[in-house]
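Take a look at the structure set out below.
Chain A is the first sequence line, chain B the second, and so forth, proteins listed ahead of strands; every chain is numbered from 1. Source: prediction; values computed, not measured.
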Number of protein chains: 4
Amino acid sequence: MPNYVMSVQCADGPGIVHAFSAALLDAQANITDNQQYGDPITSQFCMRTSFSSPIGDIEEVRRHLTPAVERFGARFRLRNEQSHEHVLIMVSQYDHCLLEILYRWHAGELAIEIPVVVSNHETCRPICERYGIPFVHLPVNAENKATQEARLRELVDEHDIDFVVLARYMQILSPALCEALPGRIINIHHSFLPGFKGARPYQQAYERGVKMIGATAHYVTADLDEGPIIDQGVIPVEHSMDAHTLSVMGRDVERQVLARAVQMQADDRLFLIGRRVVVFH
Amino acid sequence: MPNYVMSVQCADGPGIVHAFSAALLDAQANITDNQQYGDPITSQFCMRTSFSSPIGDIEEVRRHLTPAVERFGARFRLRNEQSHEHVLIMVSQYDHCLLEILYRWHAGELAIEIPVVVSNHETCRPICERYGIPFVHLPVNAENKATQEARLRELVDEHDIDFVVLARYMQILSPALCEALPGRIINIHHSFLPGFKGARPYQQAYERGVKMIGATAHYVTADLDEGPIIDQGVIPVEHSMDAHTLSVMGRDVERQVLARAVQMQADDRLFLIGRRVVVFH
Amino acid sequence: MPNYVMSVQCADGPGIVHAFSAALLDAQANITDNQQYGDPITSQFCMRTSFSSPIGDIEEVRRHLTPAVERFGARFRLRNEQSHEHVLIMVSQYDHCLLEILYRWHAGELAIEIPVVVSNHETCRPICERYGIPFVHLPVNAENKATQEARLRELVDEHDIDFVVLARYMQILSPALCEALPGRIINIHHSFLPGFKGARPYQQAYERGVKMIGATAHYVTADLDEGPIIDQGVIPVEHSMDAHTLSVMGRDVERQVLARAVQMQADDRLFLIGRRVVVFH
Amino acid sequence: MPNYVMSVQCADGPGIVHAFSAALLDAQANITDNQQYGDPITSQFCMRTSFSSPIGDIEEVRRHLTPAVERFGARFRLRNEQSHEHVLIMVSQYDHCLLEILYRWHAGELAIEIPVVVSNHETCRPICERYGIPFVHLPVNAENKATQEARLRELVDEHDIDFVVLARYMQILSPALCEALPGRIINIHHSFLPGFKGARPYQQAYERGVKMIGATAHYVTADLDEGPIIDQGVIPVEHSMDAHTLSVMGRDVERQVLARAVQMQADDRLFLIGRRVVVFH
C-alpha cells in the first residue's frame, strides 16, 4: 500500500483537522503520523500528515483532499513517499558539506535526487563524477553574475528542482534570485547565528574568545545571514585552539547541521511562518 | 476560555482521528496542539490533544467525547490544564532531586501539587517544612516493610495521588506495590541504563573507565532497574575524576532528568506501550 | 600533608617550568596536577600546579618559590586548598542563580566562603537568612549609585572578598567599579554571546527564531556584554516555545554555567589574557 | 624549528618533572604544551609534552632525555610532529567509518599515514583505490583464521604499523593477536558500553526503549567489548525510531567517535593505566 505525506498551511480556525481527517477517511487512509502547530502570534496553522491508502493514483488521492484544501485556502503539498525531491547543490571549494550529502544520499540515508551540482570552481568536479552526478561550472564575476544566475534558473527549471542547497557556496545570490525561490534555498552559515555574521566567522569567534562554536542552516533571503533559521549545532572549544583549528572543528558541525536541514526539507518537515521555521521532528 | 488536555490510547485502526476531531468540533473546541503515534509493532495508537473550548464544565466536555472513547475501547484521560496532578515524593537522605523539584514547583515552572513527602529518614524534614509541605517519616526495615507500604498506599488514597516520584529513595518497593501503581511510579536511577544496574553505579562507572556518565528516569516495575525508560541524560567525564567526583557531577544530571520526567508525566506527555514509553515533547 | 595550588602567569620563555619545578623539589613538593599554556599571540605563559608538601606553613612554601616568581616577573598566587576564596554575591529578583550557588555551597560541592550577599531588592533576603548568610540591601537609583557602589567596595574590603559574582544582578556597574576589580567580577548573561546582547535576550531569541538558546559567564568590564568569556552553555528549543518558555528553560542553563564559572574561579583555573580566558579544566 | 612530542609513563614520585624539564632545557627546548596526571590508585605518572628545539636530529634530542628516562624506568616515546603514525585499517562491509577516516586524512585534518587497508570482504576496495591506498582482501573462516591473522601480522611488520583501527570490522580477533598488540588496536563498538555488549546493539537498544544511543571507541583486549574505553558519544532518539533508524543515526556517532579516538592515538594523547585510559585533550 503506498504511503503519502501531506502538508497543510493556512489561517487557523475550528474544523481543519476534522475536515482533513474526514477526507482521509474518504480516501481509505490510515494515518501513521500526524503533527500540528497553531502559531499564537500569526494565527497560522501547520499540519504534516503521513498516511497509507490503497489508492495508488496520487491524483485520485488529491481529489479527495481538494475540497478541504479549497475550503481553508491552504497551501497544500502531497507527495508519494517513494517520490523524492529534486535538489540542486551549489558548492565552491570547501568540499566537506558536498561530500556529506553525497555520502548520505549514496548510502540510502537521504531520500533525495541530485540531478546536478553547480559550482563557481572546478574543484569538486571529480567528486561529482565519481558519484555519476552532472557537474556544471558557472564561474562568477562582477560582469557575468546576472547571466550566470539566469543559467542557474534554467537549470532549476530543466531539472524540476524542488530546492537548492548552498553547501558552502561562497558567492552571494542576487536579491532577485532569493525572492524567486522563497523557502527553497537552504544555506549553511559557519557560525551560531546571530553571532558572527559576515565573513571569517571562525576568526571572529577566536578573537572574541567564545567557548563554543556553531553552524546554522537557514533559508536564504535577500537579507544576508538574516534568513529564517532551520537548525543549529554547536561544539565546545578551548583556549588552545586557534582560528584554523576552530574552522576544522566547525566543519564537522556544518556538515551535520546542513545534512539534517536537507533531510527535513526533503521530508516536508519545515514550514515557514514569517521569519520563523516550524520543524516537525 | 478553558484549555483541556486529552490522552487517548487504543488499538490502531482507521477513523480514530476523525471520530475524535468530530467530537471536538461538536464541543466547539479549537485544537491548539496535537500529537499522534501509531506503533508498528504493537499496533497501539496514542494521541495527546490540547484544545480550548467555551464549555467550562469538564464533565460536559467529557460527554461529547465519550462515544468516541467507547467506540474504540480507548484508555482516556481528560484534564483541565488549570487542574494539576497530585504528586507524592519519596526521598531518603540525598536531597538534590527533592530540592530541584520543590524549587521548580515553587518557582511556578512545574505545574503539580505536592500534598506530601514521604521518607525513610528525617533528613529532609526541614526542607519540606520550609516549603510548607507535610513530611511523613516512614522508616523501613525487614520487619515493618509491609506495614509501611500499607501506610504509603493509604497516603496515596488520602491525597488522591496521581503519581509517585522516587527522588533518590534508596529502598526497593515490593512487587505488590509496583504492580498496584503501574505507570504511576517514576524513579531516577543514577546511571545510563542498562549500564551499571544495581548498587554504587558511579563506583562501577569509575572502575570501568567510562567517558560519560548518565542518569535514567524510568517507570518502576517489579523488575528492578528494568522498568520502561522515560528520559536519559549524560555528561562527559575525565580520567582525573574519582568515583566521588562522578557522583557529585552525576547529581546535576539526575535532578535535571528527573525534573523533566516529572514535568512530562504531569503534562500527560507519556504513554506506556509494553516496555517502551512514547514521549510527546 | 597539606595540598597547595599555585598559579603563575608571565611572559613566555625557556626555563620557567624548570625553575618552578626546582623550587617545588626544594619545598619537598609532589606535583599532583599540572597544566600549562603558552599563548602564541600574546606570548603569555600560564601554569596551574597542584602539589602536596610536608611544609605546613604556606609562607615558608612561598619563600621557596619567590626567587622563581621574581626571576620571571610573574603574577603569582599560592593557596592552601583548605583555604577557600571569599565570594560576594550580588542578586536582584530572580533567585535561581543564587539558589544554585547556595545549594552547591551548602552541599559541600562548591569550596568557597560567602560572607555576604548584596541586593538592590529585598526579595532574596529570606533565602539568605535560611542559609545564615548576611544580606545587605543596597537599593540603587540615579542619585545614590555612587554612594551605594562606595558601600559595596567597603564590603569587599571588610570581608576580604576575592571575587564578586553577579547572579542575575540587573544593574549596570560603573566603569570605575569594573576597573577597580579587573578579572574579579563574574556575570552571567542570559544569551549565547555575542548573540543577543543587551536587554530581553530571550525575546530577541524568540523573534529571531533560533533553534538553541544559551547563557554566557564572563568577566565584567566597562564594555557591557563584551567582557572576556569564561564559559557558555546551550539548550535546544522548538518553534512551539514562546519567549517566556525560553526564559524558563534558559534559567537551567544560566545557573549551571554560572556555577561552573564560580567553581573554576574558586579553583584558580582561570587566567585572563587580553580579551580571552584560559581555562584549565 | 622542529616540534617534538614526548610521552612519559612511570611510577609516580618526586623529581620527575624537574628531571625532564632540566633535560629539555639542556636540549634548548621551549615547552609549548604540557599535561600531567598522577593516578592515585595505581600511582602511575603520565606526562605528554610538546616542545620546540633548535636541534634537528631527533636522536640527539633523545640522548638529552635518556638519563631521565632511565632514572625513572619510564615508558618513553619521542616523535617529531612532522612524522606521522602508520595506521592499518580493518573494515568489513559498512563503509562509513572507513570513509570518515579517509576523508579527514585526505583533507589534512588527520595527521596519519595509511599504508594499507585490510578487509574480509571486497566491498570497500573501490573506495581505497580511489584514494590510492593498497587494499588487501583477507577473507576469514573457521579454517583459515590463524593463517589470515599471521598474514595480518606480517602486514603490520612490513608497513611498520603503529596501531590498527577496526573500522566496523565484524570478525573477532584471536586472543593471541589482541595480546600481541596491547594498546595498539582500536575498535568502535556501536553502543554506549557497557550497555548492549555483543551482537545487534541497536536492536537491543530499540527493545529496551532507551532515549539515547551511543558508540564507544576502545582498545581491543582478549575480553570482548571489555577493553579500556577511549571515547564515547551519544545522540538522543525518540520512540518513533525503529532499530534500523537507530542504526542509521548511530553511524554518525560511530564515525565521529572513532575519528576522534584515532586522532588522539595518533597525537600520543592516550595512556593506558590498567583498565582505564588517560586522555590529554
Please output the side-chain donor-acceptor pairs of residues 67-77 of chain D that fall under 3.5 Å, not counting sequence neighbours, one pair per line with the distance.
residue: D/Arg77; atom: NE; partner: D/Asp268; partner atom: OD1; Å: 2.9
residue: D/Arg77; atom: NH2; partner: D/Glu85; partner atom: OE1; Å: 3.4
residue: D/Arg77; atom: NH2; partner: D/Glu85; partner atom: OE2; Å: 3.0
residue: D/Arg77; atom: NH2; partner: D/Asp268; partner atom: OD1; Å: 3.0

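Other residues, nucleotides and ligands contribute at most 12 non-hydrogen atoms within 6.0 Å of the OH atom of D/Tyr94. No more than 12 heavy-atom neighbours from other residues, nucleotides or ligands sit within 6.0 angstrom of NE2 on C/His106. When the shell of 6.0 Å around CD of C/Gln82 is examined, it contains 12 or fewer heavy atoms from other residues, nucleotides or ligands.
Close approach to chain D, defined as a heavy atom under 4.5 Å from one of its heavy atoms, is seen in no residue of residues 208-221 of chain C. Contacts with chain C (heavy atom to heavy atom, under 4.5 Å) involve these residues of residues 17-51 of chain D, listed by number: D/Val17, D/His18, D/Ser21, D/Ala22, D/Leu25, D/Ala29, D/Asn30, D/Ile31, D/Thr32, D/Asp33, D/Asn34, D/Gln35, D/Gln36, D/Gly38.
With sequence neighbours excluded, the residues that form a ring-ring contact (aromatic ring centres under 6.0 Å, His included) with C/His190 are C/Tyr202.
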